[in-house]
Amino acid sequence: MNIENRRYVIIAFIITVGVMYIFRLFYMQVIDDSWSDRAHQISEKRREITPPRAVIFDRNHTKIVANKTYFNLMVIEDKMGPNFDTLAFAELIGWTKQEIHERFAEIIKGEGIYYNRHNNTRISNYQRIRPYPFLKELTKAEMAKIAPYLDAFPGFFEEETSMRFYPYPNAANILGYLSEVNAKEVKEDNFYKPSYNIGRAGIERYYEKELRGLKGVHYVVRSALNNDVKKYEDGIYDTVAQQAPPIELGLDIKLQAYGEKLMKNKKGCIVAIEPKSGEILSMVSAPSFDPNLLVGRKNVSRHYPKLLKNKDKPLYPRPTQAEYPPGSIFKLVQSLVGLQEGVIEPNTSFACNKSLVGCHNHPAPSSIERAVQYSCNPYFYYAVKRIIQQGKENSVFKDAAVGLTLWDKYMRSFGFGEKLQSDLTGLRSGIIPNTKFYDHWYGKHKWAFSTIRSIAIGQGEVKMTPLHMANLAVIMANKGWYYDPHFAKKIGEVPVTSFKKHQTMVEEKYFEPVISGMWSVVNEEAGTAGRARIEGIDICGKTGTVQNPHGEDHSVFIAFAPKENPQIAIAVIVENAGFGGTWAAPIASLMIENYLTKDCKHPEKELRVLKANLLEP
Amino acid sequence: MRKTKSLINNLDWPLFIGFISLIVFGLITIYSVAFNEEHPNIFSFSEKYGKQIMWIGIALFLGVMVFLIDSDIYKKYAFPIYLATLSLLVIVLFMPPINGARAWLGVGSMGIQPAEFAKISTALLLSKYVSSLNMRDLNPTNVLLALLILLVPMVLILLQPDAGTFVVFTAFFFVLYREGLTFDPFLLKFVNLIPKVRFKQTWLGSHFIPILFVFVFLSIITLLFGERNIPLIPGLKLYGSVGIISTLFILGAIGTFFVQRFGLKRAKSKAQLVIILCFILGSGVSLTVEKSFGSLAQHQKDRIELFLGLKEDPNGKDYNRNRAMAAVGSGGLLGKGYKNASVSSVRTNHVPESETDFIFCPFAEEWGFIGSFSLVAVYIFIIVRILIVAERQRSQFNRIYAYSVGMFFFYHFAVNLGMNIGFAPVIGIPLPFFSYGGSSMLSFSIMVFILLKLDSQRRHVLR
């Protein structure tokens, strides 16, 4: 080849390279979208902003659940620089050098982990340029001690977070608590990301969706150092985070606090309900604890194990999950059913025959009213026998089966043996034994009333939760109906209407004599609950003493007041406190008085209750 | 007066306008990339755009100076100039390193890189020496001396180390190839030792340089596309040597078609043979490189992969390339709009050095394919125009110098853009007249103004 022609080779080569580059650029820029996606991934960030959770008010519009600002001490390893003085930093935050090294190792191992939705794996995504919390959940005071000296430690800075705060140290069992979501929850609901909080119990759990609010999304252009540079497209796609509207509960926090005070040094519970609405006014589970103990990771890890190990089980939600035999309060229901079935009349009398079933000494029960007043066991033995053994079948066994089936239907109309509908989680149903139950136990047609007679006085197989007992007080107050017992009154400005009214199978007219009996229980000399008497308030109640094979009997009392137009229905159970009239009755009366009059006319009664320590030594 | 008029008449205006347009577009891009809201004025000397304007001013002033000096002195004083820059290259080795390289003379941002100016002085001396040779009768000493002129500055630059400028110096091999400087004197010595063989020239010797380049090019491409799982031909998932061989086959088929359709009858069979030979050789090289790379020890592989930017290391050569490609690729057809670069702006800083070595990123991101197509077109136009200017020179000295300038441009263009689109390893060399930076602006301006001056006086040679 002629040397002069080499110029064409070189020019051709240069033009070829140019054409190749143009084709490549055309492919990269116009045809292939993957680089564009990559650019979005690199430079833009979808930043989600979670609003503070909704606040919660009680029935008097007192704030009972609020939010408080806390601080995280964040660190970006990349910005720390080579001259990080571990010793000085350790001194500042009051740690040892060793602990600081351990914390860094922990962050690198754990904090960067994220859950990959696509292949169900957890990947450590730790990056030196990203901020991670070094210390979490510092209070304003704690942060104030550190903040002025942070300038000496580049890479460290403070960040605000919001956590729950409970102005009253009460109602922990009602409100519940928050904790970090688990991997399953993250997977199931797009709202959550690791380290988000979710309601774990009580109102926080049941109304999680109503409380968490609407997340805001900000699209930002992000720098290589993970700093925000500007809003993407001037923020036209951004949405604002919206805190959910407050929830108003039927709870009366003052009454709740008073109840917790009365139940100090006792085990048991108080459930108070407004009869006409079904709103729960107070629900004490004793022993109780301060809900602030379970706010934030730090607190939970410090207090939760202690609460869990406490022998008196403060974390056990007694009002909804403890099942007790109802004892004598069950007699109220039996009287009503007997009257409705026509097997007894208001003035029916039975002899107090202690050979059948034990009883205490009291005048002869000449009517239902008296029977209730004296809580006469043999009387109800006869009455319930008449309900169960109506003589509709020739065989006494078959007859008992028919009778019990009918009786079971009545009981369920009172909500017994079933989970009540409520905005509480983890409710227990209690036990109402039916034919199936006894068939299984004794064999089909091998049992009669005499076999199962202890149900007549609320012992034996029958079991109820304190919520059921309070609901019975509601039914008595309303003369035959109840609303699902519940907490939420209003969500924002919208009244909660999802809770239904239930009618029992007993007509209103049959309630009169029984309620008169309940009035006598409290207000007449021979009544079993003289200690519940309050001047000026017509309290109707019924004591119960629950036999406890493991120790001292449980003291039970249900009541409502005033007799006309009742405002409050209440059940009190004090474990291992003996006779119902001794402790449960006065506590119930103090609660009623406090709720109705905001006063206490019998300070000596209050003092007696407050001083009592009924916990096992 | 007559002199000025003759200057205006003799100046190569297409080239001059090409340079000016590059400078203007470069400045516009720097203004976008480095924009600081506190100093929005383009003349703010605290900002990079203000400084670039200052450099442009100095460059134009130097250009006027170059025009005032008689062009004869370059040939006359080529050797002293060469020695002077060599001594600067030695001095610079004793300077404190900046970013790991002893490349800067001077203080802070006002420093200069002697390596940039070594390009000019080497070009001048090489032009002077090669133009004095008789190409038809070369002896090994001639070839050795020419290589020595090249290799001394190259070694000094490698000591800094400055891999980018070192690579750019290989542009001179193209120039030597054009001038017909062959390696035949060496080869013939060995070949003619064989009894009864008496070659005047060998094919390998005279085409040694392009063959070497093709070999290196194919090797790099094989390694780049073998490891990165990027299909060479869009749509076909063929990687490594398989991809190269398929591409070569397609190119060969296209070549065959053109030869059969348009080729001269007597040249047809010879051209066909050349195509087949090229295909076999290319495939062989590609396969060999891949196989031998596979048999290397891991640390050797690592070193090569690091150099090619195939390996993700903390300081991130592949990180840079990945970000750069994302920036370029996200530009789309029309771009994101001026000052709207989101990946490659200095404010986000995803692409490092986005106002110097990676300035093509923000340009391509903001102006899209339309912009990048135009820029490639302008560079190719300028390079080809320089070669046309070179070919019209009557003096061989002028021609060799012009070729050197053209090939420098080509190298800077091809490597700089190539690393933005995954066609070249990440080597830090600036885009001429476009990137921010004083050294590059000044050295390229002097280089180009000398060329324009030589060109304007090309007719004087006969007088």
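Proteins come first, then strands; the chains are lettered A, B, ... in the order of their sequence lines, and each starts at number 1.
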4.5 Å side-chain heavy-atom contact, [X] and [Y]:
X: B:F373; Y: A:F26; result: no
X: B:F410; Y: A:V17; result: yes
X: A:V19; Y: B:V376; result: no
X: A:Q29; Y: B:L333; result: no

Under 4.5 Å from any heavy atom of chain A, what part of [X] do you find: side chain, backbone, both or neither?
X: B:F360; result: side chain
X: B:I421; result: both
X: B:V328; result: both
X: B:F174; result: both
X: B:Y403; result: side chain

Residue among A:I31, A:I14, A:I15 with most heavy-atom pairs under 4.5 Å to chain B: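 Of the options given, most contacts go to A:I14.
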Given the options B:A327, B:G406, B:G368, which has more heavy-atom pairs under 4.5 Å with chain A than any of the others?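 When all of B:A327, B:G406, B:G368 are compared, B:G368 has the most.
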Between B:S372, B:A364, B:G335, B:G331, which has the largest tally of heavy atom pairs under 4.5 Å with chain A?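 Top count of heavy-atom pairs under 4.5 Å with chain A: B:S372.
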[atom1]-[atom2] distance between [X] and [Y], expressed to the nearest 0.5 angstrom:
X: A:D32; Y: B:M325; atom1: CG; atom2: CE; result: 9.0 Å
X: B:F369; Y: A:Y27; atom1: CZ; atom2: OH; result: 14.0 Å
X: B:I380; Y: A:I22; atom1: CD1; atom2: CD1; result: 7.0 Å
X: A:R6; Y: B:R178; atom1: CZ; atom2: CZ; result: 9.0 Å
X: B:N420; Y: A:L25; atom1: CG; atom2: CG; result: 9.0 Å

Are there over 12 heavy-atom neighbours, none belonging to A:K298, within less than 6.0 Å of that residue's NZ?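 Correct, the count exceeds 12.
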Just checking A:E185: does its CD atom have more than 12 heavy atoms from other residues, nucleotides or ligands closer to it than 6.0 angstrom? yes
Hey, mind stepping through B:L417 and A:R24 against side-chain contact (heavy atoms from CB on, under 4.5 Å) and telling me if it holds? CA-CA 11 Å; B:L417 246 72; A:R24 173 69 174 169; over 6 Å; no
Return yes if some donor-acceptor pair links the side-chain N/O of A:Y21 with the main-chain N/O of B:A414 below 3.5 Å, else return no.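 Flag set: sc A:Y21 to bb B:A414 pair under 3.5 Å.
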